[in-house]
2 protein chains.
Amino acid sequence: MITLTEENYIKSIYQLGRYGTMTVSTNGIAEALETKASSVTDMVKKLAEKGYANYKRYQGVSLTLEGKKIAADVVRKHRLWEVFLVEKLNFTWDEVHDIAEQLEHIKSEKLINELDKLLDYPTHDPHGDPIPDKNGDIKKTDKILLFNLAENAKGVCVGVKDTSSSFLKYLDKHKIALGSEITVVSREDFDDSMVIQINGTMTISISQAVANNLFVKEEALD
Amino acid sequence: MITLTEENYIKSIYQLGRYGTMTVSTNGIAEALETKASSVTDMVKKLAEKGYANYKRYQGVSLTLEGKKIAADVVRKHRLWEVFLVEKLNFTWDEVHDIAEQLEHIKSEKLINELDKLLDYPTHDPHGDPIPDKNGDIKKTDKILLFNLAENAKGVCVGVKDTSSSFLKYLDKHKIALGSEITVVSREDFDDSMVIQINGTMTISISQAVANNLFVKEEALD
DNA sequence: AGATTAATTTAGGTTAATCTAAAAATAGTT
DNA sequence: AACTATTTTTAGATTAACCTAAATTAATCT
Ligand SMILES: [Mn+2]
Ligand SMILES: [Mn+2]
Ligand SMILES: [Mn+2]
Ligand SMILES: [Mn+2]
């Protein structure tokens with residue numbers, strides 16, 4: 001049996017380590033889960049004993065294959081529930097995360113498969129993050145940060161890095177959504193701000209904090 | 001803050017005490033929750049301290065108004081989720097209970113209200129049990145046990161008392177569902193079995209164990 | 001290298017929820 | 001009323017998940 005807390009630790013290790021490809025630090029996990037490093041050490045030992053993690057003291061943690069499978073499953077559930085909340089229950093993209101944090105721990109394979117079907121097998125959640133399939137595999141896209149788009153380049157908004165409510169509401173206010181076309185009108189060296197045009201209409205200036213938290217898929221120049 | 005465990009105890013007290021109208025025994029709770037009486041005593045003290053229950057040692061427990069509100073809310077969530085699972089996710093009525101036991105603890109008012117809307121404000125769950133409204137009020141129906149129907153009387157099946165998977169599957173096998181019309185063809189004094197006719201077609205003999213776990217709404221004789 | 005700083009682990013404790021075994025109160029029975 | 005059986009409570013332990021403070025190891029900087 002795997003506890004809710006263990007699931008959260010495993011998920012954290014998975015996400016901090018870029019879907020389980022890197023080793024993760026004790027402090028990193030502690031910060032992500034808002035707990036203390038000493039608690040993390042305890043838990044990480046337990047995860048290693050249970051076969052979910054690889055751990056040698058002072059050397060950081062990584063997930064075993066089994067651990068990765070569990071993590072992908074929790075992430076899959078989290079993101080499918082987020083889609084459900086937005087598509088079926090009229091939630092906005094800034095409202096879904098906390099509820100999905102709870103729902104991701106519900107245990108029922110049939111439940112999640114039927115949910116997947118009800119939603120017509122979505123590949124991405126409301127924030128543009130990919131949804132792992134039943135095997136835990138993730139289709140990765142070649143998205144880049146808006147900040148890395150050159151002057152006059154165009155891109156389609158495909159995701160957000162920061163999923164905080166305040167950032168998402170900022171985007172709403174400026175009518176930036178997934179699928180919006182963004183053109184870099186000009187860049188300002190001084191403060192790294194840039195002027196962008198959204199869907200060929202609105203033109204606004206955005207800070208580098210914004211540009212560094214929006215993922216776009218670059219489009220060929222016309 | 002109220003914990004998942006506290007919610008389960010409160011719900012148990014509510015249901016064992018007929019929607020909070022009666023006092024409940026320590027052993028009753030222990031049996032319902034599959035725990036020990038000593039654990040119940042501890043928890044019940046805590047619930048009393050927190051203002052959710054009335055408790056004097058050796059005198060049994062009942063819920064305060066606040067406790068009843070919490071209980072009704074958990075039951076409301078449980079039953080709405082059961083409807084969701086059956087109506088939207090293709091579950092059968094014998095599969096939903098355990099998952100609803102998990103889902104009933106998800107905390108989000110908007111979630112449950114939107115779910116209610118999505119399901120078009122159902123009044124009963126898949127087992128015929130009433131769904132409390134937002135205020136915790138329950139519309140109670142005048143259902144009786146099939147066992148109490150006289151010979152030649154007719155009734156419509158409106159609920160089940162035993163919601164075990166084996167009983168529900170038994171009903172499925174004999175094509176008895178909510179809404180089925182049942183006529184008592186004859187009763188056998190010797191073993192309290194009875195012969196019934198279902199929807200005017202199938203005629204079968206059922207034991208008193210079955211008749212005592214099926215709720216019907218009696219129909220006027222024609 | 002040696003010293004200082006930062007990261008990590010260990011040691012020892014706390015809290016919620018559980019348990020077993022024993023004591024106390026209540027209920028049932030002669 | 002006295003005895004017996006049942007129910008309930010108390011006492012004392014255990015486990016998971018935390019925490020603080022101290023010790024240890026690793027990393028960084030003269
Ligand atoms: Mn999320
Ligand atoms: Mn998301
Ligand atoms: Mn149920
Ligand atoms: Mn039910």
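Order of the sequence lines fixes the chain letters, A, B, ..., with proteins taken first and strands second; residue numbering starts at 1 for each chain.
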| said: Pairing donors with acceptors under 3.5 angstrom, does anything connect the side chains of A:Asp172 and A:Trp93? | reply: yes
| task | Enter the distance from B:Thr3:OG1 to B:Lys50:NZ here, rounded to the nearest 0.5 Å. | result | 6.0 Å
| Closest heavy-atom contact between B:Val83 and B:Pro122? | CG1-CG, 4.1 Å
| request: Go ahead and name the base partner of D:dT30; Watson-Crick or wobble counts if both distances stay under 3.5 Å, otherwise write none. | output: C:dA1
| request: To the nearest Å, give me how far apart CD1 (B:Ile2) and P (C:dA16) are. | output: 14 Å
| Given B:Asp94, which of B:Leu168, B:Thr163, B:Leu171 fulfils the side chain to side chain contact (heavy atoms under 4.5 Å, CB included) condition? | B:Leu168
| query | What are the residues of residues 24-36 of chain A, sorted by number, that bring a heavy atom to within less than 4.0 Å of DNA chain C? | reply | A:Ser25, A:Thr26, A:Asn27
| request: Would you check, one step at a time, whether the test salt bridge (charged side-chain N to carboxylate O under 4.0 Å, His left out) holds for A:Lys11 with A:Glu101? | output: CA-CA 11 Å; A:Lys11 184 180 62 155; A:Glu101 283 293 308; 2.9 Å; yes
Between N or O atoms, less than 3.5 Å apart, protein on one side and nucleotides 22-28 of chain C on the other: list the pairs.
from   : atom 1 : to      : atom 2 : distance (Å)
C:dA25 : O4'    : B:Tyr58 : OH     : 3.3

| query | Tell me the salt bridge (Lys or Arg N to Asp or Glu O under 4.0 Å) pairs involving residues 126-147 of chain A, sequence neighbours left out? | reply | none
| said: At less than 4.0 Å, is any side-chain N or O atom of B:Tyr9 found next to OP1 or OP2 of C:dT18? Yes or no. | reply: yes
| request: Measure centre to centre between the rings of A:His78 and A:His97, then say whether the value is under 6.0 Å. | output: yes
| message | Rounded to whole Å, please give me the gap between CE in B:Met43 and P in C:dC19. | response | 11 Å
| query | Got more than 12 heavy atoms from elsewhere within 6.0 Å of NZ, A:Lys217? | reply | no
| field | Distance in angstrom units between A:Asp42 CG and C:dA11 P, rounded | value | 11 Å
| said: What is the first contacted nucleotide of DNA chain D and what is the last, in 5' to 3' order, if contact means an atom lying under 4.0 angstrom from a heavy atom of chain B? | reply: D:dT7 to D:dT10
| field | Parallel, tilted or perpendicular: ring planes of A:Phe84 versus A:Trp81, cut at 30 and 60 degrees | value | perpendicular
| Where at least one partner belongs to residues 80-89 of chain B, residue pairs that pass salt bridge (Lys or Arg N to Asp or Glu O under 4.0 Å), sequence neighbours excluded | none
Check: residues 111-119 of chain A side-chain donor-acceptor pairs under 3.5 Å, at least two apart:
from     : atom 1 : to       : atom 2 : distance (Å)
A:Asn113 : ND2    : A:Glu109 : O      : 3.4
A:Asp116 : OD2    : A:Arg76  : NH2    : 3.2

| message | Using a heavy-atom cut-off of 4.0 Å across all strands, would you classify A:Thr5 as base, sugar-phosphate, or nothing? | response | sugar-phosphate
